[in-house]
Amino acid sequence: MVETKKVEYWRWPETSWVNPDIDWKKAKFVTAGVDVGSVSSQAVIMVDGQLYAYSNTRTGSDSPESAWKCINMALKDSDMKVENIDYCIGTGYGRVNVPMAQTTITEIACHARGANFMYGPEIRTVMDMGGQDCKAIRCDDRGKVMKFMMNDKCAAGTGRGMEVFADLIRVPVWEIGPRSFQIEKEPPMISSTCVVFAKTEVVGLLQEGVPENDIMAAYCAAMAHRITELLNRLGMEEKFAITGGIAKNEGVVKRLEKELGVKTADKVWYDPKMKDKGLPFDTQIAGGIGAALFAFAMLERGKAQSARKA
Amino acid sequence: MISAGIDVGGKNVHIVITKNGTILAKMGGPTGINKAEAAEKLYAEALKKAGLKREDVTRVVATGSSGPRVAFANGVIPDAAADARGVIKLIPSARTIIDVGGEEGRAIKISPEGKVLDFAINERCAAGTGTFVDTMSRALEVPVEEMAKLSLKSTQSIPMNAQCAVFGESEVVSLIHQKTSKQDIARAVHDAIAGRIGSVARIVGLEKDVVMIGGVAKNPGFVESLKRDLGMEVKVPDDPDFVGALGAATAAAAGVLEEKVQAKVVEKETIEEGKA
Amino acid sequence: MAKYKIKGLDCWNRAKELRARYYKDYQEAHQRGALRWEGGAWSFDAIPQALEGEVHGLTEEPYGASIGADPALQVRYQEAAEGKWGCARDLCAYLRNYWGSIVLNEFAFGGEWPKADFIFQNHICCTHAKWLQVADEIEGGDIPYFCFDVGAGAYDKIGERQINYVVEQLQDGIDFLEKATKRKIVDEKLIQNVQNTYDSCCYWAKTCELNQAIPAPLDEKTMFSLYVLGTLEKSHKDIADFYKNRLYPEVKDRVANKIAAVADEQCRVLGDSQPPWGFLSIFRYLEKYGIVSVASLYTFSLIGWWKIDKAGKLVPYPTLEEQGITIKDRDHALRLLAEGELKGKLMWAPFYGAKYKNDIVAKIAKQWKCDASIIHLNRGCEGTAQHQMEMKIAVQKLGLPVMTFEGNMADEREFDEGRTKRFIDLFVTETLGLKKVAE
Amino acid sequence: MEASEILKQFSDVWELRHEYAKDWKRRTGGKVVGYFCTYEPEEVLYAANVLPVRILGGHEAPTLATPHMFDMWCPFSRDCLNQGLQGKYDYLDGIMATNCCLHPRQAFGAWTIHVPTPWNYWFVMPNAVRSPRAKKFLRGELEDFKKAIEEWTGKKIADKDLDRGIDIMNTNRRLMKQVYELRKADNPPLTGAEAMTMVWASQLMDKREHNESLKQLVTALPQRKLARDTGVRLMIVGSENDDRPFMQMVETVGGTFVIEDHCTGSRYFWDEVVPDKDRLQAIANRYCDRVPCPNKDWGMQDCSRARFPHILQLAKDYRVQGAILIQQKFCDPHELDIPSLRRYLESNGIPCYFLEFEVTVPIGQFRIRVEAFLEQIRAEELFV
């Protein structure tokens with residue numbers, strides 16, 4: 001009954017990045033946001049509100065470990081130590097298990113704030129497509145949450161679902177998007193988005209000899225549809241930005257845009273300096289950025305004291 | 001007379017070849033992507049194992065969710081019918097059958113002759129299937145067999161709230177964080193599914209003897225949870241995952257031949273549609 | 001070689017024509033200076049239809065059902081109701097179709113949503129009063145709204161007090177109508193409408209009674225399309241005339257000549273609740289096995305009026321002629337209307353307890369000579385899904401094999417056709433031991 | 001006695017409800033009747049010295065109920081039936097239900113068939129409570145109900161008995177309202193979970209005893225100081241709610257429930273019977289005029305609701321900063337009102353968040369939603 005794991009098609013590459021132009025030692029405040037999600041974890045280090053370093057890793061079964069893993073990875077090419085951080089905020093589904101964090105804030109607030117920083121103040125609707133939750137958020141020009149909705153008690157149409165699907169169809173998860181467009185015509189969407197029953201349906205389609213690309217298209221379409229339903233319930237207002245892992249899946253995003261009749265904000269830094277420097281733009285770090293920014297704000301406003309140990 | 005039963009389910013193919021009621025060969029394996037091919041391949045192996053040639057087999061009956069895909073079968077019978085025939089052959093005292101496979105959990109009430117009197121299945125959610133166990137074992141990072149052993153050692157019952165397999169996964173993870181022992185988590189998982197299946201079984205009514213078959217029946221931890229939930233003895237035959245195939249073989253021997261059930265969907269008719 | 005002769009219904013096209021006209025009239029009412037009203041299929045249409053001048057109603061359930069018959073349309077409407085209005089996905093499927101239709105400003109029979117001039121509703125289940133209360137809100141909240149309550153008790157408890165409670169509300173309803181429309185209720189019209197209502201409801205029951213014959217002259221699938229008229233405007237003379245002078249005599253004639261609904265009738269089934277409208281094909285599928293759905297509490301008494309006679313048999317409710325009654329005046333008319341609806345509509349009995357439903361269902365199973373029962377566990381309508389599992393247990397006690405399948409009368413997202421056919425194959429070939437009849 | 005001790009008593013009755021009822025029977029030799037909905041006229045039962053206990057959630061997977069109610073029926077009703085089938089209510093002398101929503105009717109229907117109970121009664125409560133005709137009709141139904149109980153208990157119910165019944169109920173309502181008054185304070189002396197536990201206890205125990213405890217509570221509470229930050233002042237509105245773990249969870253993540261509209265909360269006791277020499281009419285008037293269940297709340301001329309302005313008034317009186325709207329899954333009456341209620345409250349400046357309850361709520365999933373909602377309300381702190 002137990003499936004012997006072959007190649008893990010769902011496994012995507014882990015990354016990290018440090019900004020060489022920033023001398024953190026001169027900083028007033030070094031803040032961090034650690035976003036431990038159900039599937040992936042990110043650490044973001046900010047120096048006086050400037051993006052200094054980040055990492056994007058996979059979450060293990062133990063949240064504290066995952067938190068350490070991603071913050072160490074973020075700092076691996078820097079001379080900064082975790083002790084140098086003034087204030088750290090944990091967020092994400094494992095937020096209560098982030099050892100180096102002084103406090104926690106939910107990923108809903110953090111993603112809205114992060115999206116505002118990454119995409120700019122014109123963003124009014126943020127869709128965070130996470131590992132097992134979809135969060136539709138309406139925010140103001142400062143990235144303050146005005147209203148939000150989450151998917152119900154079922155993981156249909158989430159990042160986890162996409163991974164299971166990748167594994168099932170034996171295609172690396174990052175290839176699904178592009179390949180889902182290499183089709184003759186758009187197929188009907190997978191009717192069941194339940195992670196388990198979609199599986200049954202997909203197997204059925206494979207047996208009927210439906211081309212893999214068409215099945216990927218059908219699955220992406222189903223996911224896009226689920227998200228549209230959520231956004232309709234929330235009430236969509238432009239500009240619209242997507243954060244989280246699925247944002248990287250064009251197969252879903254393009255179809256989502258088509259169904260909504262709304263374009264998603266371009267994945268480039270709002271801040272011209274960052275844009276021109278061509279700093280990497282990773283939609284998965286939005287939560288971490290938001291958390292680090294909140295940490296900075298709390299220190300600035302004296303709402304929190306520096307916990308710096310060194 | 002030699003006959004064969006082929007059970008093609010969501011995950012595995014099971015084949016049983018019998019001669020005048022006695023089993024000559026059993027053969028099982030994963031369906032993979034192409035179920036028809038897998039069935040073809042395993043059938044060949046089964047024949048080899050039994051030292052038979054295709055023409056030696058008088059009749060082949062297929063069953064299971066993909067039974068109709070078995071091109072070389074002379075007929076197809078519904079899976080619950082195969083279960084009933086197989087179980088009554090192995091355990092004549094059986095009146096209630098609980099079959100939990102990868103993607104479906106079902107309960108069947110049968111007559112002393114093994115006729116299906118009533119049946120109910122776990123509708124539209126994975127939280128009552130073998131897949132749920134698999135997903136949880138992945139989250140728990142212990143193989144299913146290990147989970148079974150662990151849960152038997154558990155001393156306390158923890159309710160699991162999550163209905164959805166994926167949320168169940170994260171509930172397991174948070175239980176791990178709460179430093180709950182893997183034994184107790186394993187039991188919690190089995191109890192959760194047993195609860196779902198138990199209520200399905202109650203729909204057809206719990207008449208002794210209750211027999212559990214299907215892949216999950218090989219998980220003693222789950223069987224224990226089910227006994228607890230039903231508050232009664234649950235019998236499990238040897239090779240519980242081959243019972244469907246055995247039932248199909250029995251049907252073949254008895255000459256039950258349904259014409260293949262086409263899965264084609266009849267075009268929709270509207271409310272105005274009448275007899276005219 | 002088929003066992004019985006079969007033949008389409010001669011009055012079939014008349015039924016279609018009446019139905020089409022109903023929706024067209026509603027849509028075009030304003031062009032003709034006529035009034036439009038919304039209400040439920042059990043809303044005592046005899047009263048608003050008695051307003052002076054031309055009046056046309058739209059009953060919510062049949063409208064929702066028509067949309068349900070077209071899965072693509074239905075999903076679009078329901079997603080509008082769920083998304084744009086934000087209602088729960090498990091609410092009455094008809095209601096979601098109806099609200100979605102308003103939200104999208106689309107009339108399912110073409111054109112824009114025709115806004116009503118007033119609402120005349122009655123509260124038969126948790127959903128009804130709220131259905132049009134919210135519809136009114138979606139449309140801006142400016143539609144005059146009246147809703148009366150028929151929840152006065154089970155048929156065997158209906159006495160003077162219960163009747164008075166409803167009659168008094170109807171009198172208030174008349175005041176409301178006259179105030180809201182600035183038109184008067186015409187007593188002659190009201191009396192005629194009540195007369196017609198009796199004919200529609202009693203003759204439908206008489207027609208259903210004929211289905212006790214072997215072979216059954218009608219199958220449930222056809223009956224679904226025939227009772228619809230009664231859910232639209234049972235007080236209309238054309239519709240009363242259809243039931244009394246067209247359908248009933250024709251079905252009688254079918255019985256006399258042994259004309260069957262299904263040529264190879266070999267198993268008579270007791271049904272329950274609305275079918276999944278988009279998938280009536282499952283009834284055709286059953287016919288391949290010679291299985292005919294001949295009876296159900298729902299189909300019989302959604303519009304049919306019945307009573308239980310001294311011998312404890314279920315028999316049609318007597319018409320006014322049979323009772324030797326001529327309606328004297330307005331109050332007499334209202335009283336008779338309330339009496340018929342409260343005492344005769346056994347559909348309401350289950351709302352007061354499982355035992356009521358089980359008793360009636362047992363009578364139907366016996367009198368209509370049913371061999372088995374197939375129960376659609378209808379997630380789309382909690383009213384008709386009342387006590388379905390208790391019914392299953394009760395019918396099994398009668399010795400009839402029972403199959404249940406989950407579905408939804410008008411939300412295809414909750415119906416799995418493939419699986420349902422799998423169930424049918426198992427139930428029919430194994431439990432009933434039937435073979436498909438040669439095609 | 002200390003306020004905390006009294007509240008502990010209520011909590012004990014809540015946890016040991018069956019032991020309490022059995023003990024009450026032993027002590028008084030009286031009859032106990034189980035009921036499903038707060039539209040059942042307890043006044044008449046108290047007049048006959050019969051103890052009404054409300055069937056409330058057991059919060060275990062209702063596996064025994066599945067063969068009788070498939071899962072489109074509200075989890076609360078399935079939970080109630082499940083406990084009946086488990087034999088947990090084997091001490092009941094009677095069971096009654098009424099025209100409320102269709103869900104408990106399923107439970108009641110199955111209960112009368114499968115759970116041996118000596119006496120059962122279906123009480124017809126009109127739905128058109130805002131119709132002038134309802135009161136007269138209800139008076140008649142009360143007359144029948146009174147007769148039925150007299151036959152059952154073999155004792156006549158005199159006017160003085162009805163007066164006693166009315167007085168017991170009114171006193172209970174008045175006292176609980178006094179306790180609720182204290183929740184208007186900046187730092188309420190009791191949490192929302194404690195307040196609701198008090199109401200649950202009132203539905204489970206002899207109100208004469210409950211009243212005695214309440215009298216002490218009303219004097220003791222003002223001295224009580226809670227060592228907790230009130231945080232965001234929340235309101236919770238919706239269907240039946242006896243989910244203590246949820247209430248407690250919310251009050252540990254930075255919020256306090258200061259008022260609610262539930263039939264297990266204020267909606268149950270807000271309105272008193274206005275005495276009249278026609279006692280039954282007085283009772284009938286009370287049940288027609290009380291804060292309605294959505295199922296009975298519609299206008300006679302327009303689509304207005306009586307419930308909404310009342311809820312808004314509560315929100316103002318208790319200085320509510322946000323409202324959590326909840327409902328039992330599949331609860332049509334509330335599902336039908338909630339989209340409108342949400343618009344109504346939000347247009348009046350009260351942010352809302354919606355949650356759907358089941359037999360057990362997935363605390364983890366709900367916690368993040370609640371935390372995010374609280375953050376949304378006090379977001380300003382997080383911005384430079």
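Note on naming: letters A, B, ... go to the chains in the order of the sequence lines (proteins, then strands), and numbering restarts at 1 for each one. Quick caveat: nothing in here was measured; it's all calculated off a predicted structure. Hydrogens, waters and symmetry mates play no part in the numbers below; they use all other heavy atoms, side chains included.
- If you tally non-hydrogen atom pairs under 4.5 Å between each of D:G109, D:A110, D:A128 and chain C, the highest count goes to D:A128.
- Contact check for C:F148 versus D:S131: no side-chain heavy atoms found under the 4.5 Å cut-off.
- Here C:R379 pairs with D:D71 in a salt bridge; the nearest charged N to carboxylate O distance falls below 4.0 Å.
- Proximity to chain C (any heavy atom under 4.5 Å) is restricted, for D:M69, to the backbone atoms N, CA, C and O.
- Here C:F146 is the residue among C:Y356, C:F146, C:F118, C:W131 with the most heavy-atom pairs under 4.5 Å with chain D.
- Interface remark: of the candidates D:F108, D:F354, D:F70, D:F330, D:F70 forms the most heavy-atom pairs closer than 4.5 Å to chain C.
- The two residues D:C303 and C:Y145 have their closest heavy-atom pair at N-CB, 3.9 Å.
- The pair D:D332-C:K130 does not meet the salt-bridge criterion, since no charged nitrogen lies less than 4.0 angstrom from a carboxylate oxygen.
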Can C:V134 and D:D337 be said to form a side chain to side chain contact (heavy atoms under 4.5 Å, CB included), step by step?
CA-CA 8 Å; C:V134 173; D:D337 262 16; 5.6 Å; no

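- Residues C:P144 and D:D302 fail the side-chain proximity criterion, which asks for heavy atoms closer than 4.5 Å.
- Comment: C:E168 engages D:K136 in a salt bridge, judged by a side-chain N to carboxylate O separation of less than 4.0 angstrom.
- With a 4.5 Å cut-off on non-hydrogen atoms, D:T112 touches chain C through its backbone and its side chain both.
- For the pair C:W99 and D:L336, the tightest heavy-atom approach, listed with the atom from each and the gap, is CH2-CD2, 3.7 Å.
- Two residues are said to be in side-chain contact when any heavy atoms from C-beta on lie closer than 4.5 Å; C:F176 and D:Q301 meet this criterion.
- Contact annotation: the side chain of C:K157 never approaches that of D:V124 to less than 4.5 Å [non-hydrogen atoms, C-beta and beyond].
- For chain C, the nearby parts of D:E141 are the backbone and the side chain; heavy atoms of each come within less than 4.5 Å.
- With a threshold of 4.5 angstrom between heavy atoms, C:Q121 does not approach chain D through any atom at all.
- Heavy-atom distances place the side chain of C:I393, and not its backbone, under 4.5 Å from chain D.
- Highest contact tally toward chain C, considering only D:H103, D:E335, D:R130, is held by D:E335 [criterion: heavy-atom pairs under 4.5 Å].
- Using cut-offs of 30° and 60° for the angle between ring planes, the C:H123 and D:W298 rings count as tilted.
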Tell me, with the steps shown, if D:W73 and C:Q386 meet side chain to side chain contact (heavy atoms under 4.5 Å, CB included).
CA-CA 10 Å; D:W73 299 105; C:Q386 289 281 305; 3.8 Å; yes

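- Contact of C:A385 with chain D is made through backbone and side chain together, with heavy-atom distances under 4.5 Å.
- There is no side-chain donor-acceptor pair under 3.5 Å between D:Q106 and C:Q388.
- If you measure heavy-atom distances from D:P67 to chain C, the contacts under 4.5 Å come from the backbone alone.
- Within the 4.5 Å cutoff, no side-chain heavy atoms of D:R133 are placed close to those of C:D149.
- For a residue to count as touching a neighbouring chain, one of its non-hydrogen atoms must lie under 4.5 Å from one of that chain's; by this rule D:I338 does not touch chain C.
- Within the 4.5 angstrom heavy-atom criterion, atoms from both the backbone and the side chain of C:A152 approach chain D.
- By the 4.5 Å heavy-atom criterion applied to side chains, C:E390 and D:I113 are counted as neighbours.
- Heavy-atom distances place no part of C:I119 under 4.5 Å from chain D, backbone and side chain included.
- Contact of D:R343 with chain C is made through the side chain alone, with heavy-atom distances under 4.5 Å.
- Counting only distance, with no hydrogens or angles, the side chain of C:Q133 and the backbone of D:R305 share no donor-acceptor pair below 3.5 Å.
- Interface remark: C:D142 contributes no atoms to any contact with chain D (heavy atom separation under 4.5 Å).
- Residue with the most contacts toward chain C among D:L102, D:D144, D:T66, D:N295: D:L102 (heavy-atom pairs, distance under 4.5 Å).
- Side chain to side chain, D:S340 and C:E137 meet the donor-acceptor criterion of an N or O pair below 3.5 Å.
- If you tally non-hydrogen atom pairs under 4.5 Å between each of D:C101, D:A97, D:P126 and chain C, the highest count goes to D:P126.
- Heavy atoms closer than 4.5 Å to chain C are found in the side chain of D:N99, but not in its backbone.
- Taking 4.5 Å as the limit, some side-chain heavy atom of C:D172 sits within range of a side-chain heavy atom of D:P132.
- For the set C:G353, C:A180, C:G151, the entry with the most heavy-atom pairs within less than 4.5 Å of chain D is C:G151.
- Within the 4.5 Å cutoff, the side chain of C:Q162 has heavy atoms near those of the D:F137 side chain.
- Between D:P339 and C:C87, the closest heavy-atom pair is CG-CA, 4.0 Å.
- The candidate from C:K355, C:R161, C:Q169 with the greatest count of non-hydrogen atom pairs under 4.5 Å with chain D is C:R161.
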